[in-house]
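One structure is given below, encoded as structure tokens.
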2 protein chains.
Amino acid sequence: MEDAVGYRLRRAQLAVFQQFNEAFAAKDLRPTDFAVLLLLSCNQGLKQSEVAEALGIQRANFVAIVDGLEEKGLVERRKSEKDRRVQALYTTRAGSDYLKELMPIWAEHEERLIARLGGTRERDQLIHLLKRLCD
Amino acid sequence: MEDAVGYRLRRAQLAVFQQFNEAFAAKDLRPTDFAVLLLLSCNQGLKQSEVAEALGIQRANFVAIVDGLEEKGLVERRKSEKDRRVQALYTTRAGSDYLKELMPIWAEHEERLIARLGGTRERDQLIHLLKRLCD
DNA sequence: TATTGTTATACTCTATAACTATA
DNA sequence: TATAGTTATAGAGTATAACAATA
């Protein structure tokens, strides 16, 4: 039981998300919001449904998340010219500025995790194994 | 982003829990229910709050879980003689019989995960790393 | 017909405070 | 006064179906 993969994953995820929330407490930002900003910053113009799928969120539930980020002025929806059905997502200037503030906090958060794991080698191993579970 | 520890943990947990639910679909059993049965089978008489804490569930939310298992006749609450405040939890005969049915399904589930990871060595590595994140 | 985004809705999970009975 | 279990409740998160606009 102690060594059940699912149980261990759940406990680890709980611990890591809690640490994330503590690190970002002053920023009023959920892990998902951060993930959207980070994803868009490297992939401007992704379709709304592409971002949702990339993060494992159903498109119906993703609407409110984008609404929130848009209200905060961090993200912008633009109707695609090629296909008028799709909303292409972009970070605003404010959004990318905000992300620049967040990156050091995130880097520190990841460093703390690496320290717990015992080093970057161990972190890489972990990521590798976690990816295998998702194929 | 692809390699953020928290993101990878979330995706992996989602995938593993989904596979668990598929494996146990015919059994009408959630991961948490199974965890309670398994934990009690090796630790009869644990306090309700001890089981809750062991599973990372708040005692207030754990009440309904025990209610459900008790209604199904799988688990039993007994007031402790030493301390009349505490509910000691035990699996019933039906509960341990049921668990015996579940164990092969669970074993198969874990085997599938081990296959994905590449072997038991990799599984042990993963468990080791996940435990480190929870200290 | 099929797809994208959306709305509405229900269900589960989680978090918090307050109550009770015991200690 | 403190603790174990309980209740109530509000807030997230998640799942599903149906609709409008567009393809």
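Naming convention: chains lettered A, B, ... in sequence-line order (proteins, then strands); numbering from 1 in each chain.
Atom CG in L89(A) sits roughly 12 Å away from atom C1' in dT4(C) (whole-Å rounding). For the pair E70(B) CD and dG5(D) P, the computed distance is 13 Å after rounding to whole Å. As a whole-Å value, the separation of Q48(A) CD from dA21(D) C1' is 14 Å. With rounding to whole Å, F62(B) atom CZ is found 12 Å from dG5(D) atom C1'. One can place CD1 of I65(B) at 14 Å from C1' of dT6(D), the figure rounded to the nearest angstrom. Rounded to an integer number of Å, the gap from D67(B) CG to dC13(C) P is 14 Å. Atom pair F17(A):CZ and dC13(C):C1' shows a separation of 14 Å (rounding to whole Å applied). In this structure, the CD atom of Q87(A) is 18 Å from the P atom of dA20(D), given to the nearest Å.
Classification of E70(B) and K72(B) as a salt-bridged pair fails, no side-chain N sitting under 4.0 Å from a carboxylate O.
Here I114(B) is tied to no hydrophobic group at all, with no ILVMFWY side chain closer than 4.5 Å.
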Which atom pairs, one a donor and one an acceptor, fall under 3.5 Å between side chains of residues 121-131 of chain B and the rest of the protein, sequence neighbours left out?
unit_1	atom_1	unit_2	atom_2	d
K131(B)	NZ	D3(A)	OD1	2.9

Enumerate, atom names and distances included, each donor-acceptor pair closer than 3.5 Å involving a side-chain atom of residues 5-13 of chain B, sequence neighbours excluded.
unit_1	atom_1	unit_2	atom_2	d
Y7(B)	OH	A54(A)	O	2.5
Y7(B)	OH	R11(B)	NH1	3.1
R8(B)	NE	E2(B)	O	2.9
R8(B)	NH2	E2(B)	OE1	3.0
R8(B)	NH2	E2(B)	OE2	3.4
R10(B)	NH1	L55(A)	O	2.7
R11(B)	NH1	A54(A)	O	2.6

Side-chain polar contacts of residues 24-38 of chain A - donor-acceptor pairs under 3.5 angstrom, sequence neighbours left out - could you list them?
unit_1	atom_1	unit_2	atom_2	d
K27(A)	NZ	E101(A)	OE1	2.9
D33(A)	OD2	R30(A)	N	3.4

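Less than 4.0 Å separates DNA chain D from no heavy atom of any residue of residues 18-42 of chain B.
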| query | Hey, mind stepping through T91(B) and Q44(B) against side chain to side chain donor-acceptor pair (under 3.5 Å) and telling me if it holds? | reply | CA-CA 7 Å; T91(B) 58; Q44(B) 300 287 340; 2.7 Å; yes
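Here D67(A) pairs with R77(A) under the side chain to side chain donor-acceptor pair (under 3.5 Å) rule; sequence neighbours left out. Partners of E50(A) by side chain to side chain donor-acceptor pair (under 3.5 Å), not counting sequence neighbours: none found.
Applying the salt bridge (Lys or Arg N to Asp or Glu O under 4.0 Å) rule to pairs touching residues 105-116 of chain B yields E108(B)-R112(B), sequence neighbours excluded.
Between R77(A) and dT6(C) there is a side-chain polar atom (N or O) within less than 4.0 angstrom of OP1 or OP2.
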Counting primed atoms, P, OP1 and OP2 as sugar-phosphate and everything else as base, the B/S/- map of nucleotides 14-23 of chain C against protein heavy atoms under 4.0 Å is BBBB---BBS
